[in-house]
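Lettering of chains follows the sequences in order, A, B, ..., and the numbering in each one begins at 1. Side-chain atoms are counted along with the backbone in the values below, which use heavy atoms only and exclude waters and symmetry mates.
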Number of protein chains: 2
Amino acid sequence: MNTPNLTKNQALVLDVLSRSEQPMSAYTILDKLRDNGFRAPLQVYRALEKLLDFGLVHRLESLNSFVACSHKHESCCQHHGTVAFAICEKCGQVSEFHDHAIDDRLRGWAQQKGFKAEKTTIELRGLCSACMG
Amino acid sequence: MNTPNLTKNQALVLDVLSRSEQPMSAYTILDKLRDNGFRAPLQVYRALEKLLDFGLVHRLESLNSFVACSHKHESCCQHHGTVAFAICEKCGQVSEFHDHAIDDRLRGWAQQKGFKAEKTTIELRGLCSACMG
DNA sequence: CAATCTATGTAATAACATAACACGACCATT
DNA sequence: AATGGTCGTGTTATGTTATTACATAGATTG
């Protein structure tokens with residue numbers, strides 16, 4: 001899944017997400033793109049679907065929101081196994097990380113149980129160091 | 001957080017969830033409980049909120065659904081650290097498991113980054129062994 | 001040119017979740 | 001018994017997230 005040329009809508013959505021410090025819901029993205037001709041949620045969801053496929057964007061399940069992948073451009077996260085997220089409840093900052101040991105344990109469990117994992121979600125909700133005070 | 005006596009609504013919701021082979025959305029639960037006098041989503045959500053607190057029910061973030069905790073009664077999951085779920089896309093079966101090594105790695109990452117995790121979500125989506133064929 | 005594929009636009013609706021307000025049961029204290 | 005507090009509950013309305021269905025336009029290819 002190499003990152004192909006993006007369509008206009010995909011580029012707009014990715015741009016908005018990339019500039020944001022925080023995850024955004026589809027509807028927030030929609031609002032930001034009204035001036036660019038976006039009228040309906042579907043325009044956002046369709047762009048997001050592709051961007052997720054390309055690995056340029058991640059979906060945060062526990063927030064029903066989306067973030068741009070923090071691994072800037074070219075050859076993104078595919079190489080790193082599962083992506084984990086630490087989400088600060090206070091400031092909204094999201095840290096993306098990878099851990100091979102965790103991947104191994106999950107793979108081990110799946111193998112032992114005969115479970116074939118297509119997609120793995122790991123999300124920590126809490127407070128980042130800056131917000132702990 | 002010991003498991004206290006449940007109220008009528010909490011008991012009804014837990015009962016419905018416990019009998020189900022699959023995770024249920026709040027609205028599906030609501031439908032099942034119409035005959036018991038449930039009329040509005042809030043009745044379900046309020047019961048779920050408490051059951052989640054008690055650790056008798058888990059929320060599956062990637063499904064916007066709920067399951068009864070598989071550790072039957074008394075002294076549930078609190079003792080096991082983070083709970084992980086493997087969810088079969090085909091049959092809906094959910095397997096709940098715990099892994100101390102994963103807990104350790106996540107704790108290690110958090111400690112190193114100064115992140116205080118309040119709640120951790122681990123969900124595998126895929127196919128269970130019975131559905132792989 | 002037709003056939004097809006992909007991206008797009010629009011409207012309507014479905015699915016998930018919460019806010020706001022009211023009422024009654026229970027319990028403690030006065 | 002009266003007061004006040006907390007908690008569970010019921011109801012209506014509303015807010016938020018996501019999808020279905022249908023129509024159009026452009027590019028590509030046989």
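Each of B:L42 and A:N9 was matched to the nucleotide of DNA chain C holding its nearest heavy atom; the match closer to the 5' end belongs to A:N9. Along DNA chain D, the nucleotide nearest to A:R46 and the one nearest to A:T28 differ in position, and the one closer to the 5' end is contacted by A:T28.
The distance from the CG atom of B:L124 to the CD atom of A:E118 is 11.0 Å, given to the nearest 0.5 Å.
Residues A:G81 and A:D103 share a closest heavy-atom pair of CA-OD2, 3.7 Å.
Note on A:K50: a side-chain N or O is less than 4.0 Å away from OP1 or OP2 of C:dA7. At C:dG9, one or more side-chain N or O atoms of A:Q43 fall inside 4.0 Å of OP1 or OP2 (strictly under the cut-off). The shortest distance between the side-chain N/O atoms of B:N64 and the OP1/OP2 oxygens of D:dT17 is not below 4.0 Å. In this model, the phosphate group of C:dA15 is not approached by any side-chain N or O of B:S25 to a distance below 4.0 Å at OP1 or OP2. Between B:Y27 and C:dC16 there is no side-chain polar atom (N or O) within less than 4.0 angstrom of OP1 or OP2. Of the side-chain N and O atoms in A:R59, one or more sit less than 4.0 angstrom from OP1 or OP2 of D:dA18. The side chain of B:T7 contributes no N or O atom lying less than 4.0 Å from OP1 or OP2 of D:dC7.
The distance between atom CG of B:L12 and atom P of D:dG8, rounded to the nearest whole Å, is 15 Å. The NZ-P distance, from B:K8 to C:dA25, rounds to 14 Å in whole Å. The distance between atom OH of A:Y45 and atom P of C:dA14, rounded to the nearest whole Å, is 17 Å. When the P atom of D:dC7 is taken as reference, atom CG of B:L6 falls 17 Å away, rounded to whole Å.
Across all strands, B:A26 comes closer than 4.0 Å to no nucleic acid atom at all (heavy-atom distances).
For residues 104-114 of chain B, the pairs satisfying side-chain hydrogen bond (donor to acceptor under 3.5 Å, both in side chains) are A:D99-B:R105, B:D104-B:R107, with sequence neighbours left out.
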